[in-house]
Amino acid sequence: MPEQDLRELYIDELKDLYNAENQLVKALPKMAKAATSDELRSGFEEHLEQTKGHVQRLEQIFEMLGESPKGKKCKGMEGLVEEGSEMIDEDFEGNVKDAGLIGAAQRVEHYEIAGYGTVKAFAQSLGENEHVELLEQTLQEEKDTDEKLTQLAEQINSQATAEAEESDEQDEAKQHNTKRVSTSSKSKRRVA
Ligand SMILES: [Fe+2]
């Protein structure tokens, strides 16, 4: 492939990522608001700040390229954000809702990791070493976020399971009590 074509493709992919990151800047506060766990909420807030940094790094690259970052709509991120807001609107509560939000957020991270891996490889081929460094920093932050989400999911999923078991036990206890109450009221009636 002639280098000019790869450069055009590189710029196209960067524009796509720029749009994707900006969509995320809008979506993350909603995810944070929907989170039940304080840790998950602050995780989303922290990633929002990082994401603003990712936007800035891309702007730096566009400046070096003398190109505008605008002009593309990332349909992949649009779909992922849409699925995230569907999860926000679901009737799940507490830890179960959080588990769903983490699932949506990890899909986003994996999508970004793939995107940054691609542009980083293009930048390497094009000999854009400064770009490689900037893209690598963002790629690493996306990977770290994914890892943090995995750890949080382990905690939250086991809490969700423990809560489900607890509420099953409570239901059983309630049924048992109802039986006892009805028996005792019957016996009272008999006494009367
Ligand atoms: Fe990002």
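Read the numbers this way: they start at 1 and go in the same order the structure lists the ligands and their atoms. All values below come from the heavy atoms of this structure, side chains included, with hydrogens, waters and symmetry mates left out.
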Does any N or O in the side chain of Asp146 come within less than 3.5 Å of the main-chain N or O of Glu142, such that one atom is a donor and the other an acceptor? no
When you draw lines from the Fe ion (ligand 1) to OE2 of Glu112 and to OE2 of Glu21, what angle lies between them, to the nearest 10°? 70°
Is the distance from the Fe ion (ligand 1) to the nearest N/O/S atom of His54 under 2.8 Å? yes
Quick one: do Arg7 and Glu128 make a salt bridge, cutoff under 4.0 Å? yes
Cut-off 3.5 Å, side chains only: do Glu133 and Asn129 have a donor facing an acceptor? no
Exercise: do Glu112 and His54 side chains pair donor with acceptor under 3.5 Å: no
Suppose we only count N/O/S atoms under 2.8 Å; would Glu142 qualify as near the Fe ion (ligand 1)? yes
